[in-house]
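Within every chain, numbering begins at 1; the chains are lettered A, B, ... in the order of the sequence lines, protein sequences first and strands thereafter.
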Amino acid sequence: MAGQDTDKAYDPKGIEEKWYAFWLRGGFFHADPARPGESYSIVIPPPNVTGSLHMGHALNVTLQDVLIRYNLMLGRNTLWLPGTDHAGIATQNVVERLLAAEGKSRQDLGREKFVERVWKWKEESGGVILRQLKRLGASCDWERERFTMDEGLSRAVREAFVRLYRKGLIYRGRYIINWCPRCRTALSDLEVSYEETRGALYFVRYPELSGRRSVVVATTRPETMLGDTAVAVNPADERFAGRVGATLRLPLMDRPIPLISDGMVDREFGTGAVKITPAHDANDFEVARRHELPSVRVIDESGRMTGEAGAFAGMDRFACREAVVEKLKAEGLLVKEEPYLHNVGHCYRCRTVVEPAESIQWFVRTKPLAEPAIRAVREGETRIVPPQWEKTYFEWMDNIRDWCISRQIWWGHRIPAHHCGDCGQTTVETDPPEKCASCGSGNLKQEEDVLDTWFSSALWPFSTLGWPEATPDLSRYYPTSALVTGFDILFFWVARMMMMGIEFTGKAPFRDVVIHALVRDARGEKMSKTRGNVIDPLEVMDRYGTDAFRFTLVALAAQGRDIRMSDDRVEGYRNFMNKIFQAGRFVRMHVDAETSRELPEELSIVDRWILSRLQRVIDEVRRGIEEYRFNDAGQAFYQFTWHEFCDWYVEMIKPSLSPEADPLVRRNQRAVLLRVFETIIALGQPFIPFLTEEIWQSLPGGKRDSILRQGYPAVDPEKTDVDVEEDMGHLMEVIRAVRNIRSELNVSPAKKVEVRLKGKVEDLAFLREHEEILRRLARAERVVHKDPEYIPVKDATAVVNDIEVCLPLAGLIDFDQEARRLRKEVDKAGAELSVVTGKLSNERFVANAPADIVEAHRSRKDDLEAKLSKLSRNLELVTRYLS
RNA sequence: GGGCGGAUAGCUCAGAUGGUAGAGCAUCGCCCUUACAAGGCGAGGGUCACAGGUUCAAGUCCUGUUCCGCCUACCA
């Protein structure tokens, strides 16, 4: 509910654009290799040009931005290189859809016109996502923005291709590949996603040509039988003993095919006999090679049956499946049909069922490339974080298979190979050759195929820095410091960058590979358009502000776990933003242009306490960022800022800031307050850049440079003071004890009470010295010190260390209530005591546990015993007055 | 079929190197105490999935089991 005071709350509208423009104007994100400083570089995982910002990007980009801003503030020579990916199939699909709306196909336009059209689309509508990254606050060096199809990168692609080809690491050949009949292109194995699909297993009888016997085969794709050229059984399968070599009649086609034996056949599956369709199955293809069987292609590029399919020619493959089954039934050759759950490959771009098909394609020989890429991780040149992903990486790399890199689409890097019309040889050159390298003929035709988009992506970490030229950028920023990405493209992209990076530069492209989780919806479901559960990051930013959104992502980014995004979470952190904003207002109320930021010689106990705590949080935040434990960093910042700084420190120092305070005290207090608060603001900058810059600029100091220039807070060990932290901890506990009593006994907050502290003089010394704090934060009228002989009759009591906190509440006290409260305390202390005593009475514990642990238990035991006896006695006192 | 991850408060999750179970949200109570009600103060709530084992000591290490996810694979 929006109250009328909402104008007092933090409103991020307007300030985000303002400061982003300010940073751009100041060139803060622009890297200059000539400038000094240790290099820190990241290349962005380039989003598709067709893309628009989703949660995955938002998380990915936020984490990178934290790293970049942190390193920027550390004064390193920092580069974050942005750009987009041409996304071959995805982009082509987008433009094809636009054409379809005009009633045209890409074939109507022809290749050249179509590609022109895609470029036009790219110029007009591509890259919206980059604007959205700016909205997120991404501190990219936009002057270095690259596109995988721009001139430099295309050059790098051709160069890489030629070098690999000449080393024999790229080859062309006829193999079974995954074919998408909708996209009409080959796909790599990775681009096929398998989905569990309900289908049927058909058992088909293949009669022997001579004799009365027959062989029954099982298949999930009966339409492919039209292309069968054999039936195979396992050589050791005695069911078929003596029958291998027989000739079968291929039903529906009336073609004679042999019964062969091959070790690949699993005797347990189906009937133990497999139909062999070399043109449409990878296994069958291999079998056919071994047995020199012919190959008959019965499904064409668009998924229709070819002329080889006899009566079924021209039918769609799925219609054909039904027709084949009907026909088999009619002929009495369908033995049975079982429901069958199996994995069916789908095109990862358009979800069409993929058809394995035999065709001529280009491949990368991956084994020789994989070996050094494996070694780089094994030997620690590149670190994978969190390390459990290493295993996945090795698993895949160890079993890597050759990579089909040619695509029969038009949008992409055309393969730099020219086929000779005269001698048939292929010439591969970086620049278009004039004549055939083998026969000298000028009758050359460039290869029609383009490269898999991931081929250019694989070069991204160095192609963007100028490779193959030896540029200053390349020597300065390569290898990059970290790659931040989701695990979903570990194989697609990371593994391939590792291979190509090492192959072409001799060095692994990253020091650290940081794998983050997936962002899911509040119920843990993967966000998808079809599910309709997509949370739009832009909408979240509109509603809660970018900083709140960023902080949410950071706070939830625990290693190795998926993130559930929900409004509640963002709202909570939006409140945190407001808290910081309000704290800023408070600080501004109390400081002015004259306020020094120098810490005074003499520091109050409270100041020493906050400074000591501050060192800890600085340490935690820095370590968190450096170890990619973003959530730990975020939590430490949150906890300290809200609960220690705002809830305790600010409340404790208010009197020293008031006009009634001693002027010197006041001046010093302002200085410390400002200093501490500015440190907090600087500390938070990588997470919440807009709010921190806004506050930074609003603090006194005239027209200021960006907070990015202030240096990142560093731990000053001199300021850490464990004694002060302990003393203050006690004081805070006493305050909490009073508050607890008041609250439990329903004493109105407005009611001032007397607080009696009972204990030895030396134990009370610190409290006596800082009594004012206690009085105010506990809302006490006065604090009275009592010696250990004092008997708290008619007092509500609590025990804090060696001190008893007593509230004389005669007339107000509800003795039932107080008895219940005390009993609870007694039970709690008693339970703990029995655990500790139990351990200590175990002599093996005393003998084996480290001395410090035993000692800690001993003193804990003493404390608890003392506490328990005090509590029990007080409980007894109260019980006397029970009604 | 292999591999990985998860199972901790009502919900969502933290809990490096084993040593007295934490946070946020939600819940309950009291408060508009002039930085902040997008707030303050206080409270309740957990046999850390189950069964064994190692250890003086296990949420944490080992083994097994059960349920969830995910990745991967040439059972047609």
Any [X] side-chain N or O less than 4.0 Å from OP1/OP2 of [N]:
X         : N      : answer
Tyr340(A) : A76(B) : yes
Asn740(A) : C41(B) : no
Arg569(A) : G24(B) : no
Lys8(A)   : G39(B) : no
Asn848(A) : C56(B) : yes
Asn842(A) : A57(B) : no
Arg739(A) : G40(B) : no
Lys824(A) : G44(B) : yes
Lys391(A) : G3(B)  : no

Original post:
Can you check whether Tyr638(A)'s main-chain N or O pairs, donor with acceptor, with Thr641(A)'s side chain at less than 3.5 Å?
Top reply: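 No, the answer is negative, given that no donor and acceptor are paired below the 3.5 Å cut-off.
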Subject >> Donor-acceptor contact below 3.5 Å, side chain Arg779(A) vs main chain Pro749(A) >> reply: yes
**OP:** State which of G39(B), G19(B), A76(B) makes the closest approach to the side chain of Trp642(A).
**Re:** G39(B)
**OP:** From the options C31(B), G24(B), G19(B), select the nucleotide whose nearest atom is closest to the side chain of Ile853(A).
**Re:** G19(B)
**OP:** Assess whether one donor atom and one acceptor atom, taken from the side chain of Lys579(A) and the base of C36(B), lie less than 3.5 Å apart.
**Re:** yes
Original post:
Would you say the side chain of Asn283(A) and the base of C74(B) hold a donor-acceptor pair, judged only by whether the two atoms sit under 3.5 Å apart?
Top reply: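 Counting by modelled atom types and ignoring angles, a donor-acceptor contact under 3.5 Å is found here.
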Original post:
Should the heavy atoms of other residues, nucleotides or ligands under 6.0 Å from CZ of Arg739(A) be counted, would the total exceed 12?
Top reply: yes
Subject >> Cation-pi, Tyr175(A) ring and Arg289(A) (6.0 angstrom, 45 degrees) >> reply: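 Checked: cation-pi criterion met.
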Looking at [N], which nucleotide sits across from it as a Watson-Crick or G-U wobble partner, both distances under 3.5 angstrom, or is there none?
N      : result
G18(B) : none
G69(B) : C4(B)
G39(B) : C31(B)
U12(B) : A23(B)

Original post:
Please give, in whole Å, the distance from G5(B) P to Glu390(A) CD?
Top reply: 13 Å
